[in-house]
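A quick note: this is a predicted structure, and the numbers were derived from the prediction, not measured.
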Amino acid sequence: NPDGSRRSALDQFNRAADVSSTGSQMPVALGLAMASRIFAARPNEPSFAQLSAEGREIAWVSIGDASTAEGNFWSAQAQAVVQDAPLVTSVMDNRMGISVPVDRQTPHANISCGVAGFAPLVENAPGLKIIGPVKGWHWLDCYLAYQAAARWTRESRHPSLVHSYVTQPFNHSSSGDNRHKSPAHLQWERERDILDHMERWLLQHGIASESELAAIKDEETSYVDAE
């Protein structure tokens with residue numbers, strides 16, 4: 001606050017600073033989840049009053065599938081299980097790591113299978129709850145998956161991981177191109193474009209009309225052109 005007093009973390013959304021090195025967000029997220037455990041263990045500590053709601057927080061972190069090849073990812077998952085840290089990890093998997101296919105960097109070409117050893121040995125036991133793979137172009141599937149992960153981690157205080165298949169319709173960077181993608185992969189991405197699927201879903205469920213969606217497109221196109 002301007003007067004030098006501490007701003008209450010309970011009155012705002014809280015997030016860690018972004019980091020550019022791939023995978024290095026994982027130990028930061030683990031640390032935040034571990035902080036929640038400390039808060040929960042000392043609910044009556046006066047100095048924690050503005051930092052935590054008695055340790056009921058969970059930490060969220062997202063990572064691309066290719067970055068799960070980094071040691072930081074595996075160390076964070078292992079310690080989240082060992083320490084029972086309330087960490088939710090979202091893995092976004094477009095089947096490529098820049099130009100490297102998923103089967104050249106991820107165990108079994110499927111991170112859900114790769115982390116299976118962290119899963120609970122019996123139902124409701126401590127361990128990593130794995131949800132997915134989820135079709136990232138299906139809004140409702142994603143909503144239900146992430147809701148389930150958040151509920152599990154908040155109630156059980158055990159970590160969870162959501163594995164979502166997604167598409168990358170544009171280049172990895174403004175200086176790159178899609179020459180490393182096969183025609184079949186490009187077709188796979190076109191058929192799963194989230195905007196097309198979302199539009200059809202809204203129409204199918206009567207949430208929006210074709211004229212309303214057209215108006216939104218025109219408005220957003222005008223905004224982008226103006227920028």
Side-chain angles (χ1 to χ4, degrees), residues 15-30 60-78 80 87-119 128 130-146 149 159-201 213 216-217 220-221 223-225 227:
R15 65 189 300 271
D18 289 336
V19 287
S20 59
S21 301
T22 60
S24 56
Q25 69 270 35
M26 296 305 303
V28 176
L30 176 65
W60 289 80
V61 64
S62 62
I63 187 169
D65 175 74
S67 294
T68 64
E70 298 284 346
N72 280 332
F73 170 81
W74 294 95
S75 296
Q77 298 304 313
L87 175 67
V88 181
T89 302
S90 172
V91 179
M92 295 168 288
D93 179 4
N94 74 326
R95 319 304 292 156
M96 301 287 294
I98 305 182
S99 60
V100 180
V102 66
D103 60 354
R104 298 294 184 89
Q105 59 196 358
T106 304
H108 309 295
N110 185 322
I111 194 60
S112 294
C113 295
V115 297
F118 295 138
L128 178 70
I130 303 166
I131 300 175
V134 179
K135 297 175 181 177
W137 49 91
H138 285 179
W139 176 83
L140 187 58
D141 288 358
C142 290
Y143 174 80
L144 294 175
Y146 285 99
S160 58
L161 180 146
V162 181
H163 176 198
S164 299
Y165 287 146
V166 298
T167 64
Q168 185 185 44
F170 301 107
N171 305 330
H172 182 76
S173 68
S174 58
S175 61
D177 56 37
N178 281 327
R179 73 181 68 180
H180 57 279
K181 295 181 181 179
S182 68
H185 186 88
L186 292 172
Q187 182 63 25
W188 182 87
E189 290 190 326
R190 283 192 291 269
E191 293 173 353
R192 292 160 178 78
D193 187 289
I194 180 61
L195 296 180
D196 290 341
H197 278 267
M198 189 67 180
E199 183 175 345
R200 290 196 294 270
W201 188 84
L213 294 175
I216 292 173
K217 290 180 182 179
E220 296 304 318
T221 299
Y223 174 80
V224 171
D225 290 344
E227 291 295 311

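Separating the CD atom in Gln77 from the OG1 atom in Thr89 is a distance of 4.0 Å, to the nearest 0.5 Å. Between the CG atom of Asp141 and the OH atom of Tyr165 there is a distance of 13.5 Å, given to the nearest 0.5 Å. Rounding to the nearest 0.5 Å gives a distance of 9.0 Å between OG of Ser164 and CG of Asp93. Expressed to the nearest 0.5 Å, how far SG of Cys142 lies from CD1 of Ile131 amounts to 11.5 Å.
Taking the side chain as every heavy atom from C-beta outward, Ile111 and Phe73 approach each other to under 4.5 Å. In this structure the side chain of Met92 reaches within 4.5 angstrom of the side chain of Ser62, judged on heavy atoms. Looking at heavy atoms from C-beta onward, Trp60 lies out of side-chain contact with Val162 at the 4.5 angstrom threshold.
For Asn94, the side chain to side chain donor-acceptor pair (under 3.5 Å) partners two or more places apart in sequence, or in a different chain, are Gln168. Evaluation of the side chain to side chain donor-acceptor pair (under 3.5 Å) rule for Ser90 yields Tyr146 as partners, not counting sequence neighbours. Every residue meeting the side chain to side chain contact (heavy atoms under 4.5 Å, CB included) condition with Ser182, not counting sequence neighbours, appears here in chain and number order: Ala184, His185. Partners of Ser112 by side chain to side chain contact (heavy atoms under 4.5 Å, CB included), not counting sequence neighbours, listed by chain and number: Asn110, Ile130, Pro133, His163.
Looking only at distances, a side-chain donor or acceptor of Arg95 sits under 3.5 Å from a matching main-chain atom of Ala109.
For the pair Asn72 and Ser24, the tightest heavy-atom approach, listed with the atom from each and the gap, is ND2-CA, 3.7 Å. When all heavy atoms are compared, the tightest approach of Leu87 to Ala29 is CD1-CB, 3.7 Å. Minimum interatomic distance between Ala149 and Val88 (heavy atoms only, all atoms of both residues): CB-CG1, 4.0 Å. In terms of heavy-atom proximity, Ala66 sits nearest to Gly97 at CB-CA, 3.4 Å. The shortest heavy-atom contact between Ile63 and Gly23 is CD1-CA, 4.2 Å.
Under the salt bridge (Lys or Arg N to Asp or Glu O under 4.0 Å) criterion, no residue pair touches residues 61-72, with sequence neighbours excluded. The stretch residues 183-195 participates, sequence neighbours left out, in these salt bridge (Lys or Arg N to Asp or Glu O under 4.0 Å) pairs: Lys181-Glu189.
Between His138 and His197, the ring planes are tilted. Angles from 30° to 60° get that label. The aromatic rings of Trp74 and Phe118 lie tilted to each other, with the angle between the two planes from 30° to 60°.
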